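Just so you know, ligand 1 is whichever comes first in the structure, and atom 1 is the first atom listed for that ligand. Everything numeric here is computed off the predicted structure, so don't read it as measured data.
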Amino acid sequence: MSRTVYVNGDYLPEADAKVSVFDRGFLMADGVYEVTSVLGGKLIDFPGHAARLRRSLKELDLTSPVSEDALLDIHRELVRRNGVVEGMVYLQITRGAADRDFVFPDPATTTPTIVLFTQAKNLIDTVAARRGIAVISIDDIRWGRRDIKTVQLLYPSMGKMMAKAAGADDAWMVEDGVVTEGTSNNAYIVKDGKIVTRNLGNEILHGITRGAVLQFAREAQMEVEERPFTLEEAKAADEAFVTSASTFVTPVVSIDGVALGDGTPGPVARRLREIYIDESQKAAL
Ligand code: PMP
């Protein structure tokens with residue numbers, strides 16, 4: 001069945017949803033995005049995603065073509081029109097279509113492009129959650145503003161391919177001897193009951209799920225330390241996990257072929273996944 005897609009003010013059948021070949025998102029990856037998950041037909045942590053979007057736009061001197069209230073309405077309307085019960089809503093805003101030039105076009109004459117679409121997908125009951133995932137380590141050679149959620153995803157995409165070629169599920173990126181994050185998720189280790197994850201900065205994306213999970217962990221009296229950790233530390237950890245909007249909390253059971261603990265999902269990751277799914281559903285919009 002054809003989906004309904006939102007493009008620049010219109011709800012269209014996906015075959016009719018088009019953007020210009022001159023769009024700067026296409027030519028220069030000059031755009032930002034958000035992925036908000038849907039559980040029970042409701043949006044998980046929309047305010048968090050809206051806040052990060054606002055920040056990404058500001059950092060790139062981009063203006064949203066629609067207000068934040070309208071954005072929530074569009075998300076909900078798309079979920080309704082497509083009958084999504086479990087899955088996600090993808091949102092992208094680019095600087096719009098203009099003659100190709102490295103200099104930003106005049107915002108007075110170039111309107112940003114906005115596109116939203118849905119993807120139905122099982123998020124709660126997944127093989128990755130049940131069995132945990134295997135990750136490999138790769139060099140983090142991305143640009144220096146990873147805190148902005150831009151659509152330049154070529155290296156993360158290559159990282160997933162490197163993982164696949166190595167028979168693993170994903171890759172953790174390493175820079176200056178310490179783990180930054182996963183290709184599309186934030187990375188955590190657990191040692192002696194303490195949860196360790198990279199502190200926020202320009203080096204990683206400020207995961208919305210990360211923020212929520214750390215809050216839930218602290219509320220559950222778990223010890224949390226936000227600091228860089230090395231690959232060696234990670235391989236010697238009791239357990240590890242990743243977080244993202246569409247995978248929630250997913251256990252990591254091996255790194256570069258080294259099994260963590262007994263090689264099955266650890267208790268902290270399993271508990272945090274449960275808490276996150278429960279709590280975020282209670283607050284869903
Ligand atoms: N880091 C990177 C590089 C990502 O691409 C993502 C997912 N977009 C995350 C972390 C997790 O962020 P969130 O929890 O907001 O999905």
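Heavy-atom separations between R198 and ligand 1 are all 4.0 Å or longer. N185 counts as a contact of ligand 1, since one of its heavy atoms falls under 4.0 Å from the ligand. Ligand 1 lies less than 4.0 angstrom from a heavy atom belonging to T183. Ligand 1 is approached by K149 to a heavy-atom distance shorter than 4.0 Å.
Salt-bridge formation is detected for the pair E226/R218: a Lys NZ or Arg NE/NH1/NH2 atom is positioned less than 4.0 Å from an Asp or Glu carboxylate oxygen. We find that K235 and E232 are not joined by a salt bridge, their nearest charged nitrogen and carboxylate oxygen being 4.0 Å or further apart. Note on D192 versus K194: no salt bridge recorded, every NZ/NE/NH1/NH2 to OD/OE distance being 4.0 Å or above. Classification of E279 and K282 as a salt-bridged pair holds, one side-chain N sitting under 4.0 Å from a carboxylate O.
Geometrically, ligand 1 and A245 share a nitrogen or oxygen pair separated by less than 3.5 Å. In terms of polar-atom proximity, defined here as any N/O pair under 3.5 Å, E181 does make such a contact with ligand 1. The shortest N/O to N/O separation between R52 and ligand 1 falls below 3.5 Å. Some N or O of T209 is nearer than 3.5 Å to an N or O of ligand 1, by distance alone.
Atoms of ligand 1 found under 4.0 Å from any heavy atom of I208 (numbered from 1 in listed order, with element): 13 (P), 14 (O), 15 (O). Close approach of ligand 1 to S244 is summarised as follows: ligand atoms under 4.0 Å from at least one heavy atom of the residue are 11 (C), 14 (O), 16 (O). Against a heavy-atom cut-off of under 4.0 Å, G207 is close to the following atoms of ligand 1: 12 (O), 13 (P), 14 (O), 15 (O). Every atom of ligand 1 is numbered from 1 in the order shown, and the set under 4.0 Å from a heavy atom of R142 is 3 (C).
Checking T243, D170, T247 one by one against N185, the side-chain hydrogen bond (donor to acceptor under 3.5 Å, both in side chains) holds for a single residue, D170.
For atom 5 (O) of ligand 1, the nearest non-hydrogen atom of the protein is S184 CA, 3.4 Å.
Aromatic ring pairs are classed by plane angle as parallel below 30°, tilted from 30° to 60° and perpendicular above 60°; the pair F229 and W172 is perpendicular.
Within 6.0 Å of atom NZ in K42, 12 or fewer heavy atoms from other residues, nucleotides or ligands are found, so the atom counts as exposed in its surroundings.
With hydrogens and angles left out, the side-chain atoms of S184 and K160 include a donor and acceptor closer than 3.5 Å.
Using a 4.5 Å heavy-atom threshold, the side chains of I44 and Y276 count as touching.
Contacts with ligand 1 closer than 4.0 Å are made by heavy atoms of both the backbone and the side chain of N186.
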